[in-house]
Each structure stands twice: as C-alpha cells, then as structure tokens.
Amino acid sequence: MSKAAYIGVGDVARKVKKMYVGINGVARKVKKGYVGVNGVAQQFFASSYFEYTGTYTESDITIDGKAYKLYTLTSSGIMSINTIAAQYWMCGGGAGGGVQTSSSNDASRRFGGGGGYTGTGELAAGKYTVLMGAGGRAESAGNSTSVAGGMLDEEAQGAKNSSGASGGGGEVSNNGGRISTYPFGIESLKAHSAGGGAGGRCARTSSGIRYYKGAKGGSNGSAGNNDAYAVANTSSTAGIGGDGGEYGGGKGAKWDFSGGSSATFYGGGGGGNGYNVGSYAGATDGYQGVMYVLQEVA
Amino acid sequence: MIGAIVRNDIVENLIVLGEAQKAELEAALGCEIVDARPYGLIAGDLRTAAGWTRNAGGEQMVLELQEQKAYDGYTLAIEQQKAAEERAAEAEAAIATAGETATQEVLDILTGETEVD
C-alpha cells in the first residue's frame, strides 16, 4: 500500500507532506497514519522522520530537482529514522602524523597521517547506534565510525598511519583509497579524509648538511606525494613541512619542529614530525570522523 | 568528550560523544565507556591491576596520568623539542667556527650517529 496521502485542492490531487492533530490544545505532528483494511491496520501515511540523541545539524539541499534533508552527525548517539528513502555516508577518524624515532635513514616515518576510510549505504526504517570515530593522536591510528541496527552493521575504519582514504605524504606512495571522498558525490560538502603533510628533515650526509622538504598529503582519495627525496638543499629554509591535502589535512612540521598543525576537517590526517639529525618532534593529531544522512522530503 | 570503548579491559575504539549519551551508548553496546583523555588512551591499551598499560616492544608499560594537557602529540614532544633546539644551536655555532672536517667531528660527538643519502 502506498504510504503517500493525497487531498483534492482546486480539482488537483496534492500530496500531503505534513499532518497535525490537536491534543490537549497543542498541535502534534502526525508521524504515521493507519487505516483498517480487511481487519488489518495498513499504513497510508509517513512523514519524513529523523531523531538523533547526539550532536547534529540539519539543512535543506536539492539534488537533480529533488528536495532532501541533509543531517550532519558529529558525535555518537542513537538515530531513529522512518521509511522515507535515506542513505548515509561516513568516514573514520584521521590518523595522527608519523613520528620518526629511529636514527637510521628512515625518512618514511615522517609521513603525514592518512585520512579516515569511507563507507556509504542505504538506511531502512529503524533505530541505529552511531559511533563517531575520534581522530588519532600523533603516531596513532584514527578510530572507526560505525552504524549498526537491524540488518545493518557497517564500519568506516580510522586511518592506519600513512594509509587511508587519502594517503599522507612523506616518501610513502600507493596508500590512498582511490575513491572519491565527497559525500554522496556532492562537491559543496568538500572532499573529506585528506592526508597530512610529511615533516621536513635536516640530515647529515656524506657531502654535508642537507635539508629535505616534506611531501604533500593526498586529497580526494589520492595517495600522498612521495617526492620529498627529490628536494635536497643546503639552505635551512628548504626543510619545511609538506602541506596537508585538501580539505583540512594537517601540515607537517619543519625540520626544527615548528610550523606543524593538526588536521582541521573530518577524517583528515595529522602532520608528520620534523627531524633534525637524531631529534624529532612536532607530529600532530588527526581529525574526527563524521556521518551524513540524506533523506528525501516526503 | 573522547570516550574509550572498553571490553574485557581492552580499549577497542575511541569515539566522540556527549556526556549525556554515555549511559545510553553503554547500554546499546553492552560495554563500558571511559574518558580517554586523562591517560591519553588509544585502541589496544589494557587495564590491569597496576592501571592502564600500553604494549611497547612486547612489554606492558604503565601509563602516567597526563592531566589532559598531553593529549596531542605536539605537547608530548615539547620537552624533546627544547632539548633538540639546544643541540641544534650548539651544532650551528660549531659550523660557523670550524671547517667541514671539524664540523663532522662535532656532530659525531653531539649526535653519535651517521646518515648517508
């Protein structure tokens, strides 16, 4: 049975979007309506219905001429949703930037943190537990975002150090998820899960002191750059940290440990540490995950 | 708050949540949620009779109370940074006054290590 109700207005059938009934002098919104058919209660009306106990925002968005409600969930909670078609998109927390603790020529450990992995799917009517993954601390993996309820139990993992939906920089390649990180493909929501930039480096080589720039973090599912070795310079200004990927990946620290920054957008990885001939510091944190729910307006 | 999901005394995941959701999420998940910040907990940390511990090189190290100030890696590294800055200043002074051979010797003394391209 159709769950849409219609009413005649000026000889035109108009779809009923909202209903209210008066209860004790207060207008209450009707969420579901039923009629008896052959002794069985059949639903004939369902309004767009969304409830969440955690922190979220609500906005209106139009896609291909169709109106939707977009819910942005930023903390964990219990979500209730009705039968109106809905889908979700989520990402895990970004990893913290890498920390080089070894005295060997292990520059790959100055990598920026990877961006959190992504996940998407359909939501049926019901109640769901949503867990919002935290960003990883420096040198720690990001944490998983998940949604579970009914037949659904899905997880978007936090990034594992340099690997993730987008890769971090720092001589580490082939670590991006190579899938778009725009939620539902909507560019106005920005690319998520950017990789962090790698840290800059000062090293003593057989030909003297050399400075290396950190590589840039990956964006929109791409791997981070791995071109840091291509930049070797005798000037200390060359040893800066790599930029974070777009959007909001953390910047890597300079060789003298300054200038790094934590990730600033959902799923972003932190910047890698600076390295100065055996000393290291300045790695930063990844950013938390997020979940979006896109629901058709009835 | 940043909450650690704890099952069998092991941290499984860290989540962002409001204090008001702690009880309902514990009930929904059938687990314990503790504040991750005081000890800077991460996934894999283990609670023992000695307190929260972390595996480091095969050994469970007891975690110190961080008074929430050392949750980010940068703060944790401040002391290392100060020491490194002092060493870097000493090295630069040596470079300004000595030839390449002497610089090599100074750096060897200061760092005790060698790197090759």
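In what follows, chains carry the letters A, B, and so on, assigned in the order in which the sequence lines appear, proteins first and then strands, with residues in each chain numbered from 1. From a predicted model like this one, the values you see are computed outputs, not experimental measurements.
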Chain B contact via A/Ser140 - which portion, at a heavy-atom distance below 4.5 Å: side chain

Which pairs would a plain distance check flag for residues 125-136 of chain A, meaning a side-chain donor or acceptor within less than 3.5 Å of a matching protein atom at least two apart in sequence or in another chain?
residue, atom, partner, partner atom, Å
A/Tyr128, OH, A/Ala124, N, 3.1
A/Tyr128, OH, A/Ala124, O, 2.6

Taking every heavy-atom pair that is under 4.5 Å apart, which of B/Asn13, B/Leu17, B/Ile5 has the most such pairs with chain A?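 Option with the top pair count is B/Asn13.
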
Is it the case that more than 12 heavy atoms not belonging to A/Glu58 sit under 6.0 Å from its CD atom? yes

Taking atom OH of A/Tyr292 as the centre, does the number of heavy atoms from other residues, nucleotides or ligands within less than 6.0 Å exceed 12?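 Correct, the count exceeds 12.
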
What residues of residues 19-27 of chain B sit under 4.5 Å from chain A when only non-hydrogen atoms are counted? B/Gln21, B/Glu24, B/Leu25

Got a sec, which residues hit side chain to side chain contact (heavy atoms under 4.5 Å, CB included) with A/Thr55, two or more places apart in sequence or on another chain?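 So A/Thr55 forms a side chain to side chain contact (heavy atoms under 4.5 Å, CB included) with A/Thr74, A/Ser75.
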
Could you tell me the separation between the CD1 atom of B/Ile33 and the OG atom of A/Ser76, rounded to the nearest 0.5 Å?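 It comes to 7.5 Å.
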
Those residues that, when tested against A/Glu154, pass salt bridge (charged side-chain N to carboxylate O under 4.0 Å, His left out) (two or more places apart): none

Does the A/Arg137 side chain pair with the main chain of B/Ile42, one donor and one acceptor, at a distance under 3.5 Å? no

